Amino acid sequence: MSLSFRVEKTVGTARRGRLLTPHAEIETPVFMPVGTVASVKAVSQDILEDLGAQIILGNTYHLYLRPGVAGVRRLGGLHGFMSWNRAILTDSGGFQVFSLSQLRKLNEEGVTFRSHLDGSSHFFSPESAMEAQIGLGADIIMAFDECTEYPADQTRVRESMELTARWAARSQKYFEEHKHEVPWTRVGADAFVRPAEPSSPSGPLEPSPEQEQFQAAPDSGLRPSAGTNASVPAWADQTQSLFGIIQGGMDRALRKESAERTREIGFPGYAIGGLSVGEPRGLTREIVESTLEHLPKDKPRYLMGVGTPEEIVEYASLGVDMMDCVLPTRAARHGLLFTSEGKVSIKQLRFAQDQGPLDPNCDCRVCRRYSRAYLRHLYASNEVLAQVLNTIHNLSFYLDTMRRVRHAISLGEESRFLSDIWSRSKS
Ligand SMILES: [Zn+2]
């Protein structure tokens, strides 16, 4: 079993659950920091661990262009390459192809695009996007989809949604045929960090007890049978999990149809894509709420690319289990900090003599140690440390917000959930 999900408690539409992946058990609802190029900008992996990040994101488009999938695969996939033993999710590359690259040409087969780095020409199809994500080796990978632009007319949204549905089926077919090529090798009790060639799953490791037994007694009658694969180590049945993506623009009927078609193909988890693309926030919420109704209750639901602290609490209350957003990290680098008392722009002169902590209600290592005056000075002086400390606080605030959401669901306190947590994170 490479992925299991269990809903442990529900309050209204909100739910608390446990998602078990090959590299980590994840408590949901979960916020996933974005590590675009195998790095959550400005924060090292050991600090991410201290902050309690259970799963982080990598962007396939960026990693494919630089440093390249083959090199990462040889270094043990993203886990080995970046020395991160908890869970990772990669996106399909679709969103970045459509938002970052120039001169893209789309047809049934896939999309040809030019790199935003050097203008070189590349091609992504459902198959090549799966191949790239298998090589990167994240625990959870995403079907290749077309992210429909906003606004778009209904004909265009329908055609795009149908293309995504056909690509989802192709993504799954390729994944099922190639999922055992993931570059994981088990080291110790429960970590998969070392590289291994697909053809030799034991890689550089000692033979497993089963293998030793088999090798020591070649004539004992023990033979690997096709049914039990006795020569294959027990961990070898661990694979990545592929999630489907619901599209359909801002049209509720098309979202419903996309959900149904994606469910027909069948995935262990479902994502809602194509939101936060410029539409009003009220519309985002409406589409999320209506799409969730058409997703299976016993599978994880991932809302891609949202949002503010207020929004992630709101979406968790609607029943979303997983969310990611560049906002906490990107805003931090611009001196914009999320606190229990609202948004703080640390560059302001009024903080120059402020000896208080950034957020008196935050227990993060930055708020425990440094003053607003110092953080303001670092930012005004363009010190690298400003980016580091600001990012640590913002991520801590997001992760702590989700921790409090999970706690409130456990206590079954819907009123407190909404009135306390939600209002505290409003900015
Ligand atoms: Zn803090």
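In listed order, ligands and their atoms are each counted from 1. Here the structure is a predicted model, which is why all the values come from computation and not from measurement.
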Open item on the list: Applying salt bridge (charged side-chain N to carboxylate O under 4.0 Å, His left out) as the test, list every pair that has at least one member in residues 382-393; sequence neighbours left out.
Closed with: none
Open item on the list: Taking side-chain hydrogen bond (donor to acceptor under 3.5 Å, both in side chains) as the criterion, tell me which of His180, Lys173, Lys179 meets it with Glu177.
Closed with: Lys173
- [ ] Please determine, by modelled atom types, if His334 and Asn390 share a side-chain donor-acceptor pair under 3.5 angstrom.
- [x] no
Distance-only check: which donor-acceptor pairs under 3.5 Å involve side-chain atoms of residues 346-354, not counting sequence neighbours?
{"residue": "Gln348", "atom": "OE1", "partner": "Arg350", "partner atom": "NE", "Å": "2.6"}
{"residue": "Gln348", "atom": "OE1", "partner": "Arg350", "partner atom": "NH2", "Å": "3.0"}
{"residue": "Asp354", "atom": "OD1", "partner": "Gly356", "partner atom": "N", "Å": "2.9"}

Show me, pair by pair, the donor-acceptor contacts under 3.5 angstrom made by side chains of residues 362-370, not counting sequence neighbours?
{"residue": "Arg365", "atom": "NH2", "partner": "Asp50", "partner atom": "OD2", "Å": "2.6"}
{"residue": "Arg368", "atom": "NH1", "partner": "Asp363", "partner atom": "O", "Å": "2.6"}

Task: Atoms (protein N, O or S; no water) under 2.8 Å from the Zn ion (ligand 1) - done: 4
Open item on the list: Using a strict threshold of under 4.0 Å (side-chain N to carboxylate O), is an ion pair present between Glu8 and Arg6?
Closed with: yes
